[in-house]
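As the structure lists them, so they are numbered: ligands from 1, and atoms in each ligand from 1. No hydrogens, no waters, no symmetry mates; every other heavy atom, side chains included, goes into these values. Residue numbers run from 1 in the order of the sequence given. Model, not experiment: these values are computed from the prediction.
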Amino acid sequence: MKILTYRGLDTAAIPGYDKLAAALAADDFSSAEVKKVGDNLYRARLDRSNRMLFALYRHQDERYVLMLEYIHAHAYEKSRFLARGAEIDEARIPAVAPEVAGEAPQLSYLNPKLPRFHLLDKVLSFDDDQEAVYQQPPPLVIIGSAGSGKTALTLEKMKEASGDVLYVTRSPFLVQNARDLYYANGWEREDQSVDFLSFREYLESIQVPDGKEITPRAFSAWADRQRLPKALKDSHQLFEEFQGAISGADPECAYLSRDDYCALGVKQSIYPPETRAEVYDLFEKYLRFLAEQGWFDANLISHAWLARVRPRYDFVVVDEVQDLTNVQLLLILRALRTPSGFLLCGDSNQIVHPNFFSWSKVKTLFWREQGDGAPADLIRILNANFRNSPQVTAIANRLLHIKHARFGSVDRESNYLVRSCGPALGRVALLQDSDRIKRDLDRRTAASARFAILVLHPEQKAEVRQFFRTPLVFSIHEAKGLEYENVLLYGFLSGEEKRFREIAGDLSEADLQGELRYARTRDKGDKSLEIYKFYINALYVAVTRAVKNLYLIEPRSKQPLLALLGLTEALAGVEDVEEARSSLEEWRHEAHRLELQGKEEQAAEIREQILKQRAVPWAVIQGDALAELEDKALQRGEKKARIALMEYALVYRDQRLLNALVQGGFKTAQQPDKAMPVLERTHFLPYTLKHPGTVLRQVDQYGVDFRNVFGQTPLMIASRMGNAELVETLLDRDADTGLVDGNGLNAFQIALERACADARFARNKLPALFERLAPASLDIQVDGRLIKLDQRLMEYLMLCIAMVLFYQRLGEHWARRRNALSAVDFAELLAHFPDSIVPERRKKRPYISSILSKNEIQRDDPYNRKLFLRLKHGQYLINPRLALRIEGNWRPIYSVLQPLRLASQLRDPVPWGNTRWDPNAEAASAMMALRSLLTDLAEGRDREELF
Ligand SMILES: Nc1ncnc2c1ncn2[C@@H]1O[C@H](COP(=O)(O)OP(=O)(O)OP(=O)(O)O)[C@@H](O)[C@H]1O
């Protein structure tokens, strides 16, 4: 077997490593005492107390040992790779023989020259180009086609940076994906703090703009109302002109003046000079529309925020740089402490719309910011493709050839061919456009989540739907960023036959041979590339969405461009297209993936047509419905309403409601602890079962995040009942961990709440729930700025616990001594948490106190997140001016939490001389005082007497 080592593993410092490696290399598993300890995870003996963890892989005909981690003194529970808190009883695990390697997973690519490998979500062996970039210090610009491993390489380079690091890109989906890849396999680095932000979040981290960011859909709806002349009808184009030419391009101004816009060169605008005045009139209307309707435009805000941004990062990574405008890039650069600490990556061939991105503009921008010029090898190009099949890559290359041969004026950075390292063999075929073929194809693909149909223009989708039942139909603008195993391009070229004919020009096969050579523009006034860029890039993007197989159906199959792509014969049968039927589970994942990427239309269609999900048939008690129920139960004394209200009050431990029920003569409410088990049996029993069929049936009917009558999702109840298996099942079905219940708590906080009330729950149930339920980050707003509080920070846990303690302790503390929350409260709760979820040092009181005081509103600390307000010595409230982003909307913390629900349990009046002292009145007035305090503080009114 061959030995490879994980990057960063210092084998020289591992005692007995060489001897062990030699034994494994010689297939001697018995003297290495190899045992299987996890999924493709093995341990071998280094010496009496130390172990080595490794994985087995195959590549071509060779078997490989991938050395992962040194396990010192049997401390398996500290391993990055084994499940948290894993206890391994070595004596009870049988030894394995080297033959197991024969069944090991295959690596799709392995560079024979490199003995080291990298790890994200999977094992990566860098090719020579990637390795060279990996070795080069920043600043760097990495250019590579779709699937060339830019993101993978970039993330690995990010791991090298210490200090404050930013990863930013336009798409929130990509951000989440990058974060998940980054921390996959338990990676961490103590001296690094990383923010993963979408560009909008980055803007918000400087200052949260008023309103919502304008979307192409909202723009289009606005444009449709404007009665546009024919030349300006294409709203995508108009939007692009507003966001790429009038604003965005010149960072010196928010947007161009009318004169400057009209004077733009022929290549700087989509529109000819004679239409510009009209475009500018519309732009002015657009500005008014933004202001009136409460939208914001990212370019205009970026320009305004240039005056506010402060250097705060040591290293910045910008992914998919072609999706950002100059002013946006400049705003990112201005956040750098060291001007050269950046890494940009992107691919200008992936721009669908006619935007004004050019690598030379980016370079100029960075040059200028750097002051002393840029290093010669700033720009690196990756030529491999690890994603698409060789057949798809071959077609993509032909397109690049055509673009180059036809419009040789493209910049050097967009001018490279791609070498396929793709995993699987695929095929590219032109199919006849006949009813029989379409019927046949539909039969084979309608039930497959791995087959998508792409068209050039949104209007063409309706035509596709006449023949095909799949919900996966996308216009090219929607398809960006997606990938499918099989892609059908439907009438893609025929829809704009004239354009594509002009693109093909009089090129012949001979023009498409050899390497691309960079040539300067022949004629500066030649606008042909700008006009055709949309069409050729759209086709390039469409083609590269296919991971394995690409099919085309063209009503007019004899087109010069098709011929140049080598597609001359239209096939009369589709027997080779595999008939596929995806499981409901696959479809659920697909709907969820599309929702995350903002493809609501297709996701809704999947949910409706395939998953057949519908809205819950019951009314959820919340908002007005709750007020009405209260009225019926408390004012009108209706029996059914009283029972329902009591159940609601029990679920949320709403002491105020329980008290009101008791005072209204409803005795059962007096003993919540007795009533609770009954309630749990009635409503939550299915959530405690090993085979929760009833719950899953409801999930199938109403979707995984449906709300029960109390407004809880299945995940929240499974968490409450401590059913880790069900939690796992629901998460596998993409349950949303960010949703909150009627108390404003998410499923993770609900588990913490249970742990707070029950030490046994904390010890036995919490570990399996803890990491799985905690959302990756919490969006909080303090002083008008977004802070994305990452799950890995102690501050995250402290805020979550503080929200739980709000209900569990604040009321009582306040009623008794006008006290708020203290480090003791946190420490008492954390004491029951096993070390595997919260390390010992983080549970100590001095440490908790230090986090509380570091995050006090008034404290001067660069990492102060201003989470807490110190009322008096050691007494804290969650900062009343903090807001949380819940389901996309900012909500003040004390409207997420429900101060109205804080109350003391009723007590009997105490005889006091010849009067009676009513403790309840006192408690009620204390709670009123607390609520008014919270309101005052939230609204910024001074309550200095308290401090
Ligand atoms: N050296 C490698 N060996 C094997 N797989 C690789 C290698 N480098 C990257 N990959 C894989 O190739 C796929 C594409 O990589 P990645 O997403 O980083 O590409 P990209 O250039 O960022 O693509 P896009 O521009 O489409 O986002 C990923 O699944 C990644 O893990």
Worksheet item: What are the atoms of ligand 1, with element, lying closer than 4.0 Å to any heavy atom of Ser125?
Response: 1 (N), 2 (C), 3 (N)

Practice prompt. Taking atom types as modelled, find out whether Asp319 and Thr151 have a side-chain donor-acceptor pair closer than 3.5 angstrom.
Written response: yes

Fill in: Contacts of Tyr42 that satisfy ring-ring contact (aromatic ring centres under 6.0 Å, His included) - sequence neighbours left out
Phe54

Discussion item. Checking side-chain polar atoms at under 3.5 Å, does Gln328 have a donor or acceptor matched by the opposite partner on Tyr202?
Written reply: no

Discussion item. Can you check which of Arg387, Arg545, Lys122, Lys480 brings a heavy atom nearest to atom 14 (C) of ligand 1?
Written reply: Arg387

Discussion item. Using heavy atoms and a 4.0 Å limit, tell me yes or no: is Asp347 in contact with ligand 1?
Written reply: no

Worksheet item: Between Ser148 and ligand 1, does any nitrogen or oxygen pair lie at a separation below 3.5 Å?
Response: yes

Worksheet item: Does Gly481 come within less than 4.0 Å of ligand 1, judged by its heavy atoms?
Response: no

Practice prompt. Mind jotting down which residue pairs meet the salt bridge (charged side-chain N to carboxylate O under 4.0 Å, His left out) criterion with at least one end in residues 122-145? Sequence neighbours excluded, please.
Written response: Lys113-Asp128, Asp127-Arg419, Asp129-Arg419

Fill in: Contact with ligand 1 for Gly147, non-hydrogen, under 4.0 angstrom
yes

Worksheet entry | Proximal ligand 1 atoms for Ala152, defined as those under 4.0 Å from one of its heavy atoms | 18 (O)

Practice prompt. Could you establish whether Glu320 and ligand 1 come within less than 4.0 Å of each other, counting only heavy atoms on the residue side?
Written response: yes

Worksheet item: Would you say Tyr109 has any N or O atom under 3.5 Å from an N or O of ligand 1, going by distance alone?
Response: no

Worksheet item: Is ligand 1 under 4.0 Å from a heavy atom in the side chain of Cys421, in the backbone, in both, or in neither?
Response: neither

Worksheet item: Without hydrogens or angle criteria, can the side chains of Ser79 and Glu69 be said to hold a donor-acceptor pair below 3.5 Å?
Response: yes

Practice prompt. Determine the interplanar angle of the Phe196 and Tyr167 rings, folded into 0 to 90°, and report it as parallel if under 30°, tilted if 30 to 60°, perpendicular if over 60°.
Written response: tilted

Practice prompt. Give the contacting part of Leu124 toward ligand 1: side chain, backbone, both or neither, where contact means a heavy-atom distance below 4.0 Å.
Written response: side chain

Discussion item. Between Arg387 and Glu483, is the side chain to side chain contact (heavy atoms under 4.5 Å, CB included) condition met? List the steps.
Written reply: CA-CA 10 Å; Arg387 191 186 290 134; Glu483 51 189 87; 3.2 Å; yes

Worksheet entry | Glu590 and Arg450 ion-paired at < 4.0 Å | no

Response to the item:
Quick note on ligand 1: atoms under 4.0 Å from a heavy atom of Ser145 include exactly 21 (O)

